Amino acid sequence: MPNLLVIYEIAARAAAVRSKRSFREFERWVKEIIERYHDAAVERVARVHLFRLRQLYSV
């Protein structure tokens, strides 16, 4: 159950990204979350959001 809350938090923070600077902060935060939880679902959701935002901000 706690991992489901983490997934929702990742999605909420990804939706709040509005600039390259906030994208970089989100990227750092997500990498920490992936290392902390070691869960396939959390990693999958995080990578999907990172991929989408990388394309959006052409990083």
Side-chain angles (χ1 to χ4, degrees):
M1 184 66 170
N3 291 347
L4 185 60
L5 295 175
V6 173
I7 290 171
Y8 284 127
E9 186 174 1
I10 290 169
R13 287 193 182 202
V17 172
R18 299 279 185 246
S19 66
K20 279 189 178 185
R21 181 179 178 195
S22 61
F23 168 70
R24 292 289 183 203
E25 292 171 4
F26 173 76
E27 188 175 33
R28 275 185 244 120
W29 177 78
V30 161
K31 287 178 181 179
E32 291 174 11
I33 292 296
I34 290 172
E35 289 176 10
R36 183 180 309 148
Y37 283 93
H38 301 290
D39 182 41
V42 169
E43 185 173 351
R44 172 88 174 171
V45 169
R47 295 208 185 276
V48 166
H49 286 292
L50 280 174
F51 181 76
R52 181 181 61 82
L53 290 171
R54 277 191 190 121
Q55 285 185 332
L56 186 64
Y57 291 105
S58 301
V59 176

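Computed over heavy atoms, backbone and side chain alike; hydrogens, waters and symmetry mates excluded. In this text, all values refer to a predicted model and were calculated from it rather than measured experimentally.
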Partner residues of Ala11 under the side-chain contact (heavy atoms from CB on, under 4.5 Å) criterion, sequence neighbours left out: His49
For Arg28, all residues meeting side-chain contact (heavy atoms from CB on, under 4.5 Å), sequence neighbours excluded: Arg24, Glu25
ILVMFWY network linking Trp29 to Val6, side-chain heavy atoms under 4.5 angstrom: yes
Check against side-chain contact (heavy atoms from CB on, under 4.5 Å), Phe23 and Leu56: CA-CA 10 Å; Phe23 168 70; Leu56 186 64; over 6 Å; no
Where at least one partner belongs to residues 3-13, residue pairs that pass salt bridge (charged side-chain N to carboxylate O under 4.0 Å, His left out), sequence neighbours excluded: Glu9-Arg13
Pairs under 3.5 angstrom only: tabulate donor-acceptor contacts from the side chains of residues 34-47 to other protein residues two or more places apart or in another chain.
from  : atom 1 : to    : atom 2 : distance (Å)
His38 : NE2    : Glu35 : O      : 2.7
Asp39 : OD2    : Asn3  : ND2    : 3.3
Glu43 : OE2    : Arg47 : NE     : 3.1
Glu43 : OE2    : Arg47 : NH2    : 3.2

Distance, nearest 0.5 Å, that separates NZ of Lys31 from CG of Leu50: 7.5 Å
Closest approach of Arg18 to Ser22 (non-hydrogen atoms, all atoms of both residues): N-OG, 3.1 Å
